[in-house]
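In what follows, a single structure is set out as C-alpha cells and then discussed.
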There are 2 protein chains.
Amino acid sequence: MSSKRVLTDRASALPALAEAFREHGFEGATLATLSKATGLGKGSLYNFFPGGKEEMMDAVLENIDGWFANAIFSPLEQVLDPAAAITGMFDDVTAYFRSGQRVCVVGCLGLNSAGEAFAAKVKGYFARWISALTHCLEVGKVPPALAADLAEEAVSGIQGAIVLARALGAEASFQRIVQRLRSSLLDAIVRYG
Amino acid sequence: MSSKRVLTDRASALPALAEAFREHGFEGATLATLSKATGLGKGSLYNFFPGGKEEMMDAVLENIDGWFANAIFSPLEQVLDPAAAITGMFDDVTAYFRSGQRVCVVGCLGLNSAGEAFAAKVKGYFARWISALTHCLEVGKVPPALAADLAEEAVSGIQGAIVLARALGAEASFQRIVQRLRSSLLDAIVRYG
DNA sequence: TATCGCTTGTACCTATCGGTACAATCTTTT
DNA sequence: AAAAGATTGTACCGATAGGTACAAGCGATA
C-alpha cells in the first residue's frame, strides 16, 4: 500500500499547485509560494516531484488534462444528444473558469517563453478540445467544414472571454460572450439537425 | 536640447523592451534580458527608468496605448466609413500581432498576479477599444445593444485567437477566426446600414 | 518492541535576482 | 579648450531564487 500512498499524497497536492500556478504563472510561482499553497515543506515537495517546478507543472497539466478529458472531451466525443452536450460543455466550462475570474493555466503557458517546455501538452489540449467539439457538431448534422470552424471559434472564444473578463474584472462579459458562442453552436445544430 | 535627447533615447528603447516583455512576460524578463534586448547597460537602463522594471513596463504600456490610440482607436472613434474602418482595424491588428505569433502584452498582464500593478491601464485599454468599436458600429446604424455585443465579441475574439494560434503554433487559425469576426461585424452593418 | 523504509523539516549551497554607487567617459555650452 | 552636465560600464549589495543533503520522525511489518 505504500506505493499507493505516495500516489495519493502527490495527487492531493495537485489542486493547490494548480491554483498557485494559475495565480502567479510558472515563473512567478516560487518554491516558497508552492510550499505555502500546498502546506508541504520543500523536502516533501521534492520527494514527490524530484524534477522540481517543471515536474510539478507537468503533473498539474496531466491532472487538468485528465479532468477535461473526463468532464469535457469524452462527453463530446461519445455524444448522443449534441445540443445537450454542448449546453453541458458551456455550463461546465463557465463553472470551471469561474466566469473568467479563474485563468486557464494551459492557455497562459502557451503565451510566453517559459511555457515552451510544455508546448506539446498545450497543443494537444487545444487540439483535442476542438476536435471533440467538431465531432459533436458533426453528429448534430452540421457540415464538417462549418463544424470545424464553429468549434475553433468556440474554443478560441472561451480563451478570449477569460482574457477580457480578467482585464475588465467583469464576470458579466465572460457570461455574455459564452452565451453568444453557445447560441451560435446550437443554432447551427437546429438549422442542419 | 538635452532634455529632448533623454526623451528620444528612452523612447527608442521602448520597442526592444516591449518585445522582451512580450516574449518573457513581466516576471520572466530579467534585467539581464532587458539589457541585452536594448543593448543598454544597467546604468543606462536605470538612468532612463529610475523606477526599474515597473517603470519600464509602464512606459511600454504607454507606448503601446499610444500606438493603438493612433492606429486603431482614433479611426474607429472618428469614423466616416464604418465598413472601411472595421476592415482596416482587422488588417492592422492582424499585422500588429503577426497573425497571433506575437502576444498581446496588455492581455497577458491581466492574466497573472504580477500584472496587478497595471490593472487600471489594462482595463482602460480594453474598455476604450470596445467602446470605440461600439461607436463605429453605431455609426453604421447597428442598434446600440447589438453594437456593444459585437464589439465585445470582436475584441475578446482577437485575444482568444492569439491564445489559440500561439498554443497550436498555427497562424492559419488566427486568420480564420479574425476573418469570421470581421464578416460578422460587416454583415451587421450591411443588414442595418 | 525493534526494525525498516518512506516522509519531512531544517540547514545549507550556488546562481542570479532587482537595484545602487560611482568613477570614467562623452556632449554640450560657453 | 575648459567647465558643467548627461550618459555609461563596472563593481558591488542584500535578498531570494531553485535545488541538495541529511538527520530526525513516522507508521507499517514482523
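What you are looking at is a predicted structure, and each value in this text was computed from that prediction instead of being measured. Throughout, protein chains are lettered first and strands after them, A, B, ... in sequence-line order, and every chain is numbered starting at 1.
- Distances from the side chain of A/Leu31 to the nucleotides D/dA17, D/dT8, D/dG19 place D/dG19 closest.
- Mapping B/Gly43 and B/Lys53 onto DNA chain C via the closest heavy atom, the residue that lands nearer the 5' end is B/Lys53.
- The nucleotide whose nearest atom lies closest to any side-chain atom of B/Ser44 is, among C/dG9, D/dT8, D/dG19, D/dT8.
- Heavy-atom neighbours of B/Lys53 NZ from other residues, nucleotides or ligands within 6.0 Å: above the threshold of 12.
- Rounded to an integer number of Å, the gap from B/Glu27 CD to D/dA17 P is 11 Å.
- Between B/Glu55 atom CD and C/dT20 atom P there is a gap of 11 Å when expressed in whole angstrom units.
- In the set D/dT20, C/dT8, D/dT8, D/dT20 carries the atom at the smallest distance from any side-chain atom of A/Tyr46.
- With A/Glu19 as reference, A/Arg102 is the one residue of A/Arg102, A/Arg98, A/Lys36 to meet the salt bridge (Lys or Arg N to Asp or Glu O under 4.0 Å) rule.
- Between A/Val106 and A/Phe68 there is no side-chain heavy-atom pair separated by less than 4.5 Å.
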Chi angles and distances behind the salt bridge (charged side-chain N to carboxylate O under 4.0 Å, His left out) call for B/Asp65, B/Lys121: CA-CA 9 Å; B/Asp65 203 68; B/Lys121 275 183 180 163; over 6 Å; no
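- Side-chain atoms of B/Thr38 come within 3.5 Å of backbone N or O of B/Leu34 as a donor-acceptor pair.
- Comparing D/dT10, C/dT8, C/dC12 by their nearest atom to the side chain of A/Phe48 picks out C/dT8.
- Side-chain proximity of B/Lys42 to D/dG9, C/dG19, D/dT7: nearest is C/dG19.
- Atom pair B/Leu45:CG and C/dG19:P shows a separation of 11 Å (rounding to whole Å applied).
- Atom P of nucleotide D/dG19 and atom CZ of A/Phe49 are separated by 13 Å, given to the nearest angstrom.
- A straight line from CZ of A/Arg10 to C1' of C/dT8 spans 17 Å, rounded to a whole angstrom.
- Rounding to whole angstrom units, CG of residue B/Asn47 and P of C/dC22 are separated by 16 Å.
- Look at NZ on A/Lys36: it is 10 Å from P on D/dA17, rounded to the nearest Å.
- Here the side chain of A/Thr30 is nearest to one of C/dT20, D/dT7, D/dA17, namely D/dA17.
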